[in-house]
Amino acid sequence: MKYVLTVIISATLSVNAFAHEGAEGVIKERMDRFKENKEAMKAIKGNLSGDAAVIAQKASEIEAWANEMVNFFPEGSTQSPSEALPAIWDNFDDFTAKASANAKAAANLKTLAQSGADAGALTNGFKALGKTCKDCHNDYKE
Ligand code: HEC
């Protein structure tokens with residue numbers, strides 16, 4: 001926790017210092033993590049009738065990020081090229097709930113993959129997870 005706070009504080013400082021030089025600090029970090037999310041979803045999709053271990057691994061990575069992502073949204077961090085909407089900080093409880101729903105859906109898919117579920121069940125789990133990404137983007141991403 002101490003480490004996380006240090007990272008956030010120094011990241012926030014660098015956002016202020018480099019606001020006009022493209023994505024920096026905490027904004028760059030979260031954008032990179034979300035890009036990894038997209039790649040993870042691609043890998044899962046490509047393995048719905050393939051390697052369940054890949055699904056479990058990628059779902060686990062998505063879950064881990066979902067559990068920490070709210071810490072990467074210090075108030076007002078909307079500097080360009082961020083696509084984060086100010087509504088996040090007007091509804092931070094809801095934003096947090098949507099991150100939790102994302103973590104839960106990812107954990108669910110991980111469990112399915114680990115328990116030998118068939119491609120149909122994995123596909124349903126994948127779609128349910130994708131919906132939790134969209135639910136948040138609809139309200140809080142440009
Ligand atoms: C609780 C809210 C929330 C959830 C859940 C969420 N996102 Fe996002 N996502 C955001 C926000 C806010 C941004 C904009 C961040 C920024 O630009 O500062 C974003 C940005 C992105 C981006 C663009 C990154 C970039 O560099 O342009 C991708 C891709 C993305 N998310 C994918 C996903 C995927 C895939 C999932 C689900 C596995 C997901 N997100 C779940 C809120 C969320």
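These figures come from a predicted structure and were not determined experimentally. Both backbone and side-chain heavy atoms feed into the values below; hydrogens, waters and symmetry mates do not. Heads up: numbering here begins at 1 and tracks the sequence. In each ligand, atom 1 is the first atom listed, and ligand 1 is the first ligand listed.
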Peer 1: Going from NZ on K131 to CG on N102, what distance comes out if it is rounded to the nearest 0.5 angstrom?
Peer 2: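 Here the interatomic distance stands at 12.0 Å.
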Peer 1: Look at atom 18 (O) of ligand 1 and say which protein heavy atom is nearest, naming residue and atom and giving the distance to 0.1 Å.
Peer 2: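 The protein heavy atom lying closest is S82 OG, 2.6 Å.
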Peer 1: Has W89 got a side-chain atom pairing as donor or acceptor with F73's backbone, closer than 3.5 angstrom?
Peer 2: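 Present.
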Peer 1: Identify, for atom 38 (C) of ligand 1, the protein heavy atom at the shortest distance, and state residue, atom and that distance.
Peer 2: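 Nearest protein contact, heavy atoms only, for atom 38 (C) of ligand 1 is C133 SG, 2.6 Å.
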Peer 1: With heavy-atom distances below 4.0 Å as the criterion, list the atoms of ligand 1 near T132.
Peer 2: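 In order of number, 5 (C).
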Peer 1: Atoms of ligand 1 less than 4.0 Å from A99 heavy atoms?
Peer 2: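 Counting from 1, the qualifying ligand atoms are 1 (C).
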Peer 1: For ligand 1, is any non-hydrogen atom under 4.0 Å from R30's backbone (N, CA, C, O), its side chain (CB onward), both, or neither?
Peer 2: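 Near ligand 1, R30 shows its side chain, while the N, CA, C and O stay back.
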Peer 1: To the nearest 0.1 Å, how far is atom 26 (O) of ligand 1 from its closest protein heavy atom, and which atom is that?
Peer 2: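 Looking only at protein heavy atoms, the one closest to atom 26 (O) of ligand 1 is K35 CE, 3.2 Å.
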Peer 1: Kindly identify the option in I44, N102, D94 whose heavy atom sits closest to atom 5 (C) of ligand 1.
Peer 2: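 That would be N102.
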Peer 1: How close do S82 and S77 get, heavy atom to heavy atom, and via which atoms?
Peer 2: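 Looks like OG-O, 3.8 Å.
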Peer 1: Would a single hydrophobic cluster contain both M41 and F34, if residues Ile, Leu, Val, Met, Phe, Trp and Tyr are joined by side-chain heavy-atom contacts under 4.5 Å?
Peer 2: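 No, no single cluster joins them.
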Peer 1: Considering only heavy atoms, does T78 approach ligand 1 within less than 4.0 Å through its side chain, its backbone, both, or neither?
Peer 2: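 Within the 4.0 Å criterion, T78 makes no contact with ligand 1.
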Peer 1: Carefully, step by step, assess F126 and I55 under the rule side chain to side chain contact (heavy atoms under 4.5 Å, CB included).
Peer 2: CA-CA 9 Å; F126 170 73; I55 298 178; over 6 Å; no
Peer 1: Sub-3.5 Å donor-acceptor pair from the side chain of N91 to the main-chain atoms of A87, do we have one?
Peer 2: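 Flag set: sc N91 to bb A87 pair under 3.5 Å.
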Peer 1: Is it the side chain (CB and beyond), the backbone, both or neither of F95 that lies under 4.0 Å from ligand 1, heavy atoms counted?
Peer 2: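 Both backbone and side chain of F95 come within 4.0 Å of ligand 1.
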Peer 1: Which atoms of ligand 1 sit under 4.0 Å from any heavy atom of F73?
Peer 2: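 With F73 as reference, the close atoms of ligand 1 come out as 12 (C).
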Peer 1: Test side chain to side chain contact (heavy atoms under 4.5 Å, CB included) on E36 and E61; report intermediate values, then the result.
Peer 2: CA-CA 9 Å; E36 286 171 23; E61 287 169 23; 5.8 Å; no
Peer 1: Please work out whether any backbone atom (N, CA, C, O) or any side-chain heavy atom from C-beta onward of K141 is under 4.0 Å from ligand 1, and answer side chain, backbone, both or neither.
Peer 2: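 Only the side chain of K141 comes within reach of ligand 1.
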Peer 1: I need the K38 NZ to C133 SG distance, nearest 0.5 Å.
Peer 2: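 K38 NZ to C133 SG: 11.5 Å, rounded to 0.5 Å.
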Peer 1: For ligand 1, which atoms, with element, lie under 4.0 Å from some heavy atom of Y140?
Peer 2: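 Those qualifying, in numeric order: 12 (C).
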Peer 1: Using a heavy-atom cut-off of under 4.0 Å, does the side chain or the backbone of M41 touch ligand 1, or both, or neither?
Peer 2: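 M41 to ligand 1: side-chain contact only, backbone stays beyond 4.0 Å.
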Peer 1: Going by distance only, is there an N or O of K98 that falls short of 3.5 Å from an N or O of ligand 1?
Peer 2: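 It does not: no N or O of K98 is found under 3.5 Å from an N or O of ligand 1.
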Peer 1: Looking at S60 and A56, would you say the former's side chain and the latter's main chain have a donor-acceptor pair under 3.5 Å?
Peer 2: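 Looks like no, no N/O pair under 3.5 Å.
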Peer 1: Considering non-hydrogen atoms only, spot the tightest contact between C136 and K98 and give its length.
Peer 2: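 Between these two residues, the closest heavy atoms are CA-CD, 3.8 Å.
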Peer 1: Check all N, O or S atoms of H137 and name the one closest to atom 8 (Fe) of ligand 1.
Peer 2: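 Result for H137 and atom 8 (Fe) of ligand 1: NE2.
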Peer 1: Does CG in D93 sit with more than 12 non-hydrogen atoms of other residues, nucleotides or ligands closer than 6.0 Å?
Peer 2: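 Incorrect, the count does not exceed 12.
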Peer 1: Distance to 0.1 Å, residue and atom name: give those for the protein heavy atom nearest to atom 3 (C) of ligand 1.
Peer 2: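 Looking only at protein heavy atoms, the one closest to atom 3 (C) of ligand 1 is C136 SG, 2.7 Å.
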Peer 1: Just to confirm my output: which protein heavy-atom neighbour is closest to atom 25 (C) of ligand 1, and how far is it?
Peer 2: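 Answer for atom 25 (C) of ligand 1: M31 CE, 3.9 Å.
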Peer 1: Provide, to 0.1 Å, the distance between atom 28 (C) of ligand 1 and the closest protein heavy atom, together with that atom's residue and name.
Peer 2: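 Result: F34 CB, 3.7 Å.
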Peer 1: Is there a side chain to side chain contact (heavy atoms under 4.5 Å, CB included) between I44 and I62? Walk through the geometry before answering.
Peer 2: CA-CA 11 Å; I44 291 171; I62 291 172; 4.0 Å; yes
Peer 1: Write out the residue and atom name of the closest protein heavy atom to atom 17 (O) of ligand 1, then the distance separating them to 0.1 Å.
Peer 2: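 Its nearest protein heavy-atom neighbour is E83 N, 2.7 Å.
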